[in-house]
Amino acid sequence: YEWIDLVKLNNLNNPSGNDGGYKDNTSLSTNVAYGSNTIQYSAGFSSGSYREYWRVWIDFNHNGTFDSNELMVNRNSTSSGTLSSSFTVPTSGATRMRVSMKYSSSQSACETFTYGEVEDYTVNIGTNPIQGFDGGNSMSDVKMTLYPNPVKHTLNISLVDAAGKDYVIYNVMGQVVGKG
């Protein structure tokens with residue numbers, strides 16, 4: 001009766017349908033910056049809406065389990081509209097993110113339940129996502145040079161063929177330090 005119909009985090013945009021309770025989407029990945037990030041998600045319903053409990057975990061310590069301190073989103077809603085939640089990234093490396101939606105009550109990371117859905121993704125932590133590129137655009141169609149690396153005071157940016165494209169530069173704390 002209900003399922004996860006959208007997960008969107010930086011350049012990951014996965015609208016989906018009813019996957020029968022679980023979908024391994026770890027072949028889909030996105031980059032997330034240190035510091036503040038925002039994830040968007042929504043529920044699909046076959047008839048009327050129900051109260052759904054949303055939780056998102058990220059396995060920061062790479063131990064293959066979702067510990068209580070790795071819970072990034074914990075909320076509930078009866079909306080079929082797109083919801084968003086902000087969370088803070090404290091560490092680095094590629095790891096698994098689990099998005100879980102359960103009917104009627106909150107869930108644990110590896111719980112089996114009758115109504116709702118779970119989807120797993122890969123997140124590459126510590127790399128800054130390119131913001132403002134959409135409509136199928138990617139960095140592959142823009143020539144960019146950034147120097148020096150690491151930067152102390154001045155970052156030089158050179159963009160070729162980037163007309164109509166925006167960018168945002170974040171520091172390692174996830175703070176915006178430049179836009180163009």
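All values reported here derive from a predicted model rather than from experimental measurement.
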Within the side chain of [X], is there an N or O that forms a donor-acceptor pair under 3.5 Å with the backbone of [Y]?
X	Y	answer
S49	T78	yes
D19	G21	no
T82	S42	no

Counterpart residues, ring pair (Phe, Tyr, Trp, His ring centres under 6.0 Å), relative to Y22 (two or more places apart)
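In terms of ring pair (Phe, Tyr, Trp, His ring centres under 6.0 Å), with neighbours along the sequence ignored, Y22 is linked to no residue.
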With sequence neighbours excluded, tell me which residues meet side chain to side chain donor-acceptor pair (under 3.5 Å) with K102.
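Partners of K102 under the side chain to side chain donor-acceptor pair (under 3.5 Å) test: S105, E111.
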How many angstroms lie between atom [atom1] of [X] and atom [atom2] of [Y], to the nearest 0.5 angstrom?
X	Y	atom1	atom2	result
S84	Q40	OG	CD	5.5 Å
E119	L6	CD	CG	9.0 Å
E52	Q107	CD	CD	9.0 Å
W57	E70	CH2	CD	11.0 Å
F66	C110	CZ	SG	6.5 Å
M97	N25	CE	CG	9.5 Å

Distance-minimising heavy-atom pair for [X] and [Y]:
X	Y	result
T26	T122	O-OG1, 2.8 Å
R75	S85	CD-OG, 3.5 Å
M101	A43	SD-CB, 3.5 Å
F45	G48	CB-O, 3.7 Å
F113	E117	CE1-N, 3.7 Å
V99	I4	O-CD1, 3.5 Å

Mind checking whether [X] and [Y] sit in one hydrophobic cluster, side chains of I, L, V, M, F, W, Y counted as touching below 4.5 Å?
X	Y	value
V118	L28	no
L71	V89	no
M72	V7	yes
L9	F60	yes
V56	L83	yes

4.5 Å side-chain heavy-atom contact, [X] and [Y]:
X	Y	answer
S46	E2	no
I39	F87	yes
Y121	N14	yes
S16	W3	no

Candidates T88, V123, V32, I58 - the one meeting side chain to side chain contact (heavy atoms under 4.5 Å, CB included) with N37
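With N37 as partner, T88, V123, V32, I58 yield a single side chain to side chain contact (heavy atoms under 4.5 Å, CB included), made by V32.
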Between D67 and N61, does any side-chain donor sit less than 3.5 Å from a side-chain acceptor?
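There is such a pair between these side chains.
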Tell me whether the rings of Y1 and Y115 are parallel (<30°), tilted (30 to 60°) or perpendicular (>60°).
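Ring orientation, 0 to 90° scale: tilted.
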Salt bridge check: are R96 and D59 linked by an N-O gap of less than 4.0 Å?
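The answer is no: the pair does not qualify as a salt bridge.
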Begin from the C-alpha positions of Y41 and D5 and carry the test side-chain contact (heavy atoms from CB on, under 4.5 Å) through to its verdict.
CA-CA 7 Å; Y41 45 91; D5 76 351; over 6 Å; no
Tell me, with the steps shown, if T30 and N10 meet side-chain hydrogen bond (donor to acceptor under 3.5 Å, both in side chains).
CA-CA 7 Å; T30 189; N10 299 326; 4.5 Å; no
Could you check whether atom OH of Y103 has more than 12 heavy atoms from other residues, nucleotides or ligands sitting under 6.0 Å from it?
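Count not over threshold, so no.
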